[in-house]
Structure formats: structure tokens, C-alpha cells
Amino acid sequence: MSVTDHPATLLAEAAAACGDHVPPVTATGGPVTLRLRGTDVPMIETVLARLQPGLQAAEPAGAADVQDIRVVLDAGLAQRLDQAIRATAPAGEAGEPHRVRDGVHLVRKQAGAAAGRRSGYLLWDQENPQASCIVLGESGAAAEAVLLRLVRGVAVRVLLAAGWIPLHAACVLTPAGAVCLLGGRGSGKTTALLHLLTGAAGPVVLVANSLVFLSPDGPVQVRALPTAIGLRTPTIALFPALRGHIGDGADEASRTYLSAPAVASAFGVEQTAGGPVTAFVDVAFRGARRAAWRVLDTGQGEAALAAAYLPDGLLDDPHEHARLAADHTRGHRQRLQQCAESVRAARCESGTTGTAAVLGREVAKLVAQAAR
């Protein structure tokens, strides 16, 4: 790598290319405040709109904990960043690379498929971890997707740093509080979520499909940032509101990815960033049998939360761990225990028959109990 290709030099060039004269666009939600600036303001506003309602537009803030993100569109600089990554690539490297040299971090992320695939580059100095530069070679849908991934990664890292606990769960908000549906891939939690969106247990608002964050400080709270919702063809077929989204030639193994707003709109519900938690429901699909329900005691509820806990919490943004304190997960088990001690928990063993009726009836009971 030549002197001119040192990541520190590239970071300085990216920061200068954006400049302080560009007015910032600020978004905030819970402990997260992001201040973005760049010459392509419409693209930044589009990406921030896709993070609503988790992050909402706000007046420019001057707080010390604001994350400052500069977004640069520069094909030449993007090419040099790619060359810097390739020049130091180890043999057989796979995935999205993360380089560190003299305290300056360089990450490449991609989005899109085949000829439409585009890259974005994240730069930051560990002496100033609250500032980032993102470099894109061009605009367009794939570039926006890369920018979304990088910006969301920063926001998630701030939630973790503030002590929020990452959980693999879907979530809806009822008039009495949030119901979190726990479960891993294939557990049936997405199907359970869709049943609740139909109004099976009464009026609800969509919070999240796969990733939420909990805080036991005071009443247990849940927050989420929108992610795409992956739906298998048989799942879509169960819900008339979604059948128009099955693509031509889709088979049972196919997945259709819809945005959270698209799913909320299909069911005629609103979205929200979160709220106080009124119940945890551990969902497990049990195949060709009738659905069953049972209440869990505190120990069983804690075990269900522990099973749904995401140790890294960042999904496809593990590089953001470099900006977290090394002990950011300390006490998570104890904090999950606090959640289990103060919130009701139950288990829904869903099946091919009776799931909607059982889930609707029992969740409605939980909501009614919480309302009292």
C-alpha cells in the first residue's frame, strides 16, 4: 500500500470532500442521535425515512453523544478505497472486509445482486469513534441499500452502548403494551406476528419482525429499527393481505422480502418504535398438530429470553464492535433476569391447525390482564 493510500489519508480526503459547509440532517430515537451530512441530501433523507419510526427527523443537536456521519459520493475515492482493501486481502478472504491500520478502520459493505451490486466504504479513527465517513461510488437503489446498512449499524451500536439488550424476536404494540414473540429461524414467530397483525388478539401496531432491544431500567421497554421481513411462499399464502406479493415462479422454498412499512400497510396497521413490554411469548412450531399454550414461570421465562438473546446483537455489522467498550455485554444475563421477573411469559406451540385461534385468544387474555 502506498503512502497516499493510507486509510488516514483517505479518511481526511473523505471528510474534506463533504465539508462543514453542508447543513446536517439529524435523526433521533431513544439514546440514538445521528447527524448526517453530504452533498446528496435526497439520498440521505431517503435512507433516514426508511429507518422511521425507529429514528425520527429532529433539529440539529449539539449533544456530546451525537454520531457524526459524513456521506461522500466520489467514484475515484471509492475506487482507491477498494484498491486499499484488495492490496491487503489475505488468501481466501470471504465476506465483507474490515481493515485497521494505525487506528484507522476501513470497512467495505455491498448490496444488490450480480451486475447491480454496489459497494460502500466506511472510515473512522478509533481516537474519534463518534465520527464516520461513508464513501459511495454512485447513487441509486443499491447504493442507498449499502448506506442504510452502514447507518443502521451505527444506530444499533449506540443502542448496545447504552445498555439495551439485543433479542431475536418479533413484536407488536397493543393498547396495554408490547408483546414480544421470541424464537429463532423456523420457530414460527413470523407467522405468529402476521396472525396478530390481522387483529386476532385485538388492535395492534407493528414494532419489528426479527430484532428488538430491551431495557429493564424502570418498566421493561422495547425498541426496534426496521429491517426487511423475509416471508416464505407458504406463509404468504396463509394471509390474503399478502398474496399479491408472491412473485411469478415462486416455489415453497422461495423467500419474498418486504419492507416493514409494506407489511404494515398490507394489514392496515401503523408502525411504532416500541414501548413498555407487557408479555413475552416463546413461539415454537410443532408441525402437524394442534396449537397449544402454557404459561411460563419466571425461570422458564428467563430461559426463553436467554435462548433468544443475540450475543453480538449486530447481525451483519460485527465491525461496529470495534467501537464498543470491551465489556458492553457485561450484565446482560442479569438484565434479562430482571426482564423475566417483571413481565409475564408464556409459550405458544404452534401447529398446522388452531394457531390463529389459540394465539388470538391467549394474547388477548394477557393484554386484558395487563390493562387491569
Spatial distance of atom OG1 (Thr26) from atom CZ (Arg37) [nearest 0.5 Å]: 8.5 Å

Check against side chain to side chain contact (heavy atoms under 4.5 Å, CB included), Leu167 and Leu310: CA-CA 5 Å; Leu167 209 65; Leu310 286 168; over 6 Å; no

Donor-acceptor pairs under 3.5 Å, side chain of residues 46-58 to any protein atom, not counting sequence neighbours: which ones?
{"residue": "Thr46", "atom": "OG1", "partner": "Pro42", "partner atom": "O", "Å": "2.9"}

Residues Arg223 and Thr272: side-chain donor-acceptor under 3.5 angstrom: no

Step-by-step side chain to side chain contact (heavy atoms under 4.5 Å, CB included) determination, Leu181 to Val179: CA-CA 6 Å; Leu181 305 170; Val179 176; 4.3 Å; yes

Donor on one side chain, acceptor on other, Thr33 and Thr28, under 3.5 Å: yes

Exam field: side chain Gln67 to backbone Val32, donor-acceptor pair closer than 3.5 Å: no

Residues that, via side-chain heavy atoms closer than 4.5 angstrom, fall in one hydrophobic cluster with Val207: Leu173, Val205

Arg70 bridged to Asp20 by N-O distance under 4.0 Å: yes

Residues forming a ring pair (Phe, Tyr, Trp, His ring centres under 6.0 Å) with Trp164, sequence neighbours excluded: none

Side-chain donor or acceptor of Arg255 paired with backbone N/O of Gly230 under 3.5 Å: yes

Euclidean distance, Ile165 CD1 relative to Leu305 CG, rounded to 0.5 Å: 8.5 Å

Heavy-atom closest pair, residues Ala279 and Leu366: CB-CD1, 3.8 Å

CA sep, side-chain torsions, deciding dist, call: Leu34, Val154, side chain to side chain contact (heavy atoms under 4.5 Å, CB included): CA-CA 9 Å; Leu34 306 180; Val154 173; 4.0 Å; yes

Nearest atoms (heavy-atom pairs only) where Val222 meets Cys180: CG2-SG, 4.1 Å

Residues in side-chain contact (heavy atoms from CB on, under 4.5 Å) contact with Ala161, at least two apart in sequence or another chain: Leu324

Pairing residues for Ser259 by the side-chain contact (heavy atoms from CB on, under 4.5 Å) criterion, not counting sequence neighbours: Pro261, Ala262

Closest approach of Ala14 to Val135 (non-hydrogen atoms, all atoms of both residues): CB-CG2, 3.9 Å

With sequence neighbours excluded, residues passing side-chain contact (heavy atoms from CB on, under 4.5 Å) with Phe239: Thr191, Leu194, His195, Thr198, Thr235, Leu242, Phe267

Salt-bridge contact Glu93-Arg99 (side-chain N to carboxylate O under 4.0 Å): yes

Co-membership, hydrophobic cluster, residues Leu36 and Leu225, 4.5 Å side-chain: yes

Sidechain-backbone polar pair: Asp40 side chain, Met43 backbone, donor-acceptor under 3.5 Å: yes

Residues which pass side chain to side chain donor-acceptor pair (under 3.5 Å) with Gln337, listed by chain and number, not counting sequence neighbours: Glu341

Contacts of Pro175 that satisfy side-chain contact (heavy atoms from CB on, under 4.5 Å) - sequence neighbours left out: Pro203

Cluster link Leu231 to Leu197, ILVMFWY, side chain under 4.5 Å: yes

Where at least one partner belongs to residues 211-222, residue pairs that pass salt bridge (charged side-chain N to carboxylate O under 4.0 Å, His left out), sequence neighbours excluded: Asp217-Arg335

Salt-bridge criterion met for Arg80 and Glu13 (N-O under 4.0 Å): yes

Point-to-point distance, once rounded to the nearest 0.5 Å, from CG of Leu11 to SG of Cys133: 5.0 Å

Those residues that, when tested against Glu349, pass salt bridge (Lys or Arg N to Asp or Glu O under 4.0 Å) (two or more places apart): Arg347

Where Ala131 and Arg323 come nearest, the two heavy atoms and their spacing: O-NH1, 3.9 Å

Pair Glu96 + Lys109, salt bridge at N-O below 4.0 Å: yes

Atom CZ of Arg289: over 12 foreign heavy atoms under 6.0 Å: no

hydrophobic_cluster_shared for Val363 and Val220, side chain cutoff 4.5 Å: no

Pairs flagged by side chain to side chain donor-acceptor pair (under 3.5 Å) wherever residues 114-127 is involved - sequence neighbours left out: Asp82-Tyr121, His105-Gln126, Gln110-Arg117, Gln110-Ser119, Arg118-Glu138

Heavy-atom closest pair, residues Lys189 and Gly184: NZ-O, 3.8 Å

Verdict with supporting geometry, His98 and His321, side chain to side chain contact (heavy atoms under 4.5 Å, CB included): CA-CA 11 Å; His98 176 196; His321 278 294; over 6 Å; no

Residues in side chain to side chain donor-acceptor pair (under 3.5 Å) contact with Thr190, at least two apart in sequence or another chain: Asn209

Interatomic spacing from CG in Leu238 to OG1 in Thr233 - rounded to 0.5 Å: 11.0 Å

